[in-house]
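What follows is one structure encoded as structure tokens, with my remarks underneath.
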Amino acid sequence: MYRFKPELFNLDYTLDCGQVFRWDREGDWWTGVVGDHVVRLSQEKDSGELLIDSELPPEFFVYYFRLDDDLPSIYESINRDLLIDRAINRYRGLRLIRQDPWECLISYMLATASSIPTIQKRIHLLSKFFGEELEAGYRSFPSPEALANADLSMLDKCKLGFRTERIKSAAQEVLSGELDFRALNRLEYRYARERLMRVRGIGEKVADCVLLFAFGKMEAFPVDTHIRQIIQHYHIDDNFFDDCSSLSRMGDWGREYFGHYCGYAQQYLFYQKRVEGFVSLY
DNA sequence: AGCCAGGCGGTCA
DNA sequence: TGACCGCATGGC
């Protein structure tokens, strides 16, 4: 157990905003599985200091929580209107997380057309049946090999529904090296996106989530049902509105409207919509 | 009961 | 292109 003082960081917002699915809160403490480590974290309300119960060093958490991002500059660059301004101020300190590509890929593939509690349940079941025990009650996320070799009847027990075959197939592509994360990481955003979308079960939205949360491509702008509803409800910029009548245009719109760090803007808007619905700007 | 959830792939005009 | 549909599952 040790202490660490991050700058401009809010642990609750960061872990609760819906970007990761393997953290649980009990009282003041969050417990999560990161790789093959069980990590416990708490943040003191007045000082903002982190209490870290983990064998992982502080440098890891700088990396994981993207504490090296210059958040004030990012806020300045994406602050285009009253709606995003409100989200930035209300959820100040929310940071994007650097997730493991494999876990992120499978998590968002099984997330399609599902509520967040359902997603968490599926990942829990996957880990229960195909992961390895780290300590009592905590299991690692399954390896590519474990899912690639899983038989469909077992995978079906994880309640993946119509996503079952797609996920097994994707696992086989990763295991064989046909889908290579290191190669993907070197690609520019748009080419990495095209590559990911050739995988069955990965469309624009899932590709953008993986590129944003696992590959740090800040110009990814995932358009899910909440983001679509926000754009339609507020008519955020009437001059641009004709350009974003369809889903795939909304992604291009977000990139142009918010700029290079549109991925951050997306996550703030998404979280604000989830917890507060359509907020009043007056 | 019926609609929606961090969608995707296919079809048809 | 754009609109619609089926696909499992669970929460409200």
Side-chain angles (χ1 to χ4, degrees), chain A residues 13-23 87 91 94 96-97 99-101 103-126 128-129 150 152-171 173 179 193-215 217-218 220-233 241-255 258 262-278:
Chain A
Y13 297 154
T14 299
L15 294 180
D16 184 55
C17 72
Q19 56 178 328
V20 282
F21 305 107
R22 296 206 76 197
W23 286 91
Y91 301 104
L94 188 166
L96 295 180
I97 288 176
Q99 301 187 34
D100 172 71
E103 178 172 337
C104 186
L105 179 81
I106 297 300
S107 297
Y108 279 94
M109 283 186 74
L110 61 77
T112 60
S114 310
S115 65
I116 287 177
T118 301
I119 298 164
Q120 291 169 327
K121 179 184 171 184
R122 288 187 186 132
I123 294 174
H124 176 78
L125 288 171
L126 267 185
K128 179 179 173 184
F129 292 132
L152 292 175
S153 61
M154 271 300 279
L155 263 189
D156 221 35
K157 288 193 166 63
C158 302
K159 306 297 183 184
L160 306 179
F162 57 84
R163 309 160 191 82
T164 304
E165 292 86 353
R166 297 171 180 177
I167 283 172
K168 171 161 178 163
S169 170
E173 288 184 41
L179 184 60
R193 191 173 192 253
E194 285 177 8
R195 174 64 191 95
L196 276 174
M197 286 174 62
R198 297 214 316 269
V199 178
R200 300 283 295 185
I202 301 184
E204 297 186 335
K205 190 270 177 182
V206 172
D208 275 341
C209 284
V210 175
L211 291 170
L212 180 61
F213 300 136
F215 291 100
K217 312 286 190 194
M218 296 295 120
F221 191 82
V223 179
D224 77 314
T225 178
H226 293 293
I227 294 297
R228 179 176 47 78
Q229 288 175 37
I230 287 169
I231 293 173
Q232 291 172 341
H233 180 84
F241 189 68
D242 284 344
D243 290 327
C244 58
S245 52
S246 73
L247 283 182
S248 70
R249 293 256 175 157
M250 288 184 186
D252 293 331
W253 171 84
R255 266 180 285 289
F258 292 110
C262 62
Y264 262 100
Q266 190 273 359
Q267 195 56 34
Y268 276 79
L269 293 176
F270 173 85
Y271 190 37
Q272 178 172 250
K273 161 73 168 59
R274 252 190 63 228
V275 290
E276 302 184 72
F278 297 118

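Below, read A as the first sequence line, B as the second, and so on, with proteins coming before strands; counting in each chain starts at 1.
Atom CE in A:Met197 sits about 15 Å away from atom P in B:dG7, given to the nearest Å. Summarising the geometry, the separation between CZ on A:Phe162 and P on C:dC7 is reported as 10 Å, rounded to the nearest angstrom. The interatomic distance linking A:Arg249 (CZ) with C:dG2 (P) rounds to 6 Å, in whole Å. Between the CG atom of A:Leu105 and the P atom of B:dC8 there is a distance of 12 Å, given to the nearest Å. A:Arg228 has its CZ atom 13 Å from the C1' atom of C:dA3, to the nearest Å. For A:Arg163 and B:dC8, the CZ to P distance is 11 Å, given to the nearest whole Å. As rounded to whole Å, 18 Å separates atom P of C:dT9 from atom NE2 of A:His124. Put simply, NZ on A:Lys121 is 14 Å from C1' on B:dA5, counting in whole angstrom units.
For residues 267-276 of chain A, proximity to DNA chain B is found at A:Gln267, A:Phe270, defined as any non-hydrogen atom under 4.0 angstrom from a strand atom.
Between the side chain of A:Arg274 and the backbone N or O of A:Cys17, at least one donor-acceptor pair lies under 3.5 Å. Side chain of A:Lys168 to main chain of A:Ala150: a donor-acceptor pair is present (N/O by atom type, distance under 3.5 Å, no hydrogens or angles).
Below 30°, between 30° and 60°, or above 60°: for A:Phe278 and A:His233 the angle between ring planes is below 30°, a parallel geometry.
The phosphate of B:dC8 has neither OP1 nor OP2 within less than 4.0 Å of any side-chain N or O from A:Thr112. Considering only side-chain N and O atoms, A:Gln120 lies nowhere under 4.0 angstrom from the phosphate OP1 or OP2 of C:dG10. Residue A:Ser114 places none of its side-chain N or O atoms closer than 4.0 Å to OP1 or OP2 of C:dT9. Side-chain N/O atoms of A:Arg200 include none lying less than 4.0 angstrom from OP1 or OP2 on B:dG7. Of the side-chain N and O atoms in A:Lys205, none sit less than 4.0 angstrom from OP1 or OP2 of B:dC8.
How far CZ of A:Arg198 is from CD of A:Glu173: 9.0 Å, rounded to the nearest 0.5 Å.
A residue-by-residue look at A:Val206 and A:Gln229 shows that A:Gln229 has its nearest nucleotide of DNA chain B further toward the 5' end.
A salt bridge links A:Asp252 to A:Arg255: one of the charged nitrogens lies within less than 4.0 Å of a carboxylate oxygen.
The side chain of A:Thr118 approaches C:dG10 more closely than any other nucleotide in the set C:dA8, B:dA5, C:dG10. Picking from B:dC8, C:dA8, C:dG2 the nucleotide with the shortest atom distance to the side chain of A:Arg166 gives B:dC8.
The C1' atoms of C:dG2 and B:dA5 are separated by 23 Å, rounded to the nearest whole Å.
Residue A:Lys159 is in sugar-phosphate contact alone, with no base atom involved, counting any heavy-atom pair closer than 4.0 Å across all strands shown. Contact annotation for A:Val223: no contact, since no heavy-atom pair falls under 4.0 Å across all strands. No contact: A:Val210 has no heavy atom under 4.0 Å from any strand. Base contact: A:Pro222 has a heavy atom under 4.0 Å from a base atom. Among the atoms of the strands shown, base atoms are found under 4.0 Å from some heavy atom of A:Ala113. Using a 4.0 Å heavy-atom distance criterion, A:Gly18 is classed as a base contact. When heavy atoms are screened at a 4.0 angstrom cut-off, A:Leu160 is found touching no nucleic acid atom at all. Contacts of A:Glu204 with the nucleic acid, taken as non-hydrogen atoms under 4.0 Å apart, involve only primed sugar atoms and P, OP1 or OP2.
Aromatic rings from A:Tyr108 and A:Phe21 are positioned such that their centres are separated by under 6.0 Å. Ring centers of A:Tyr91 and A:Tyr13: under 6.0 Å apart, within the cut-off.
Neither side chain, A:Ser169 nor A:Arg166, offers a donor N or O lying under 3.5 Å from an acceptor on the other. A:Ser114 and A:Arg163 form a side-chain donor-acceptor contact under 3.5 Å, judged by distance and modelled atom types alone.
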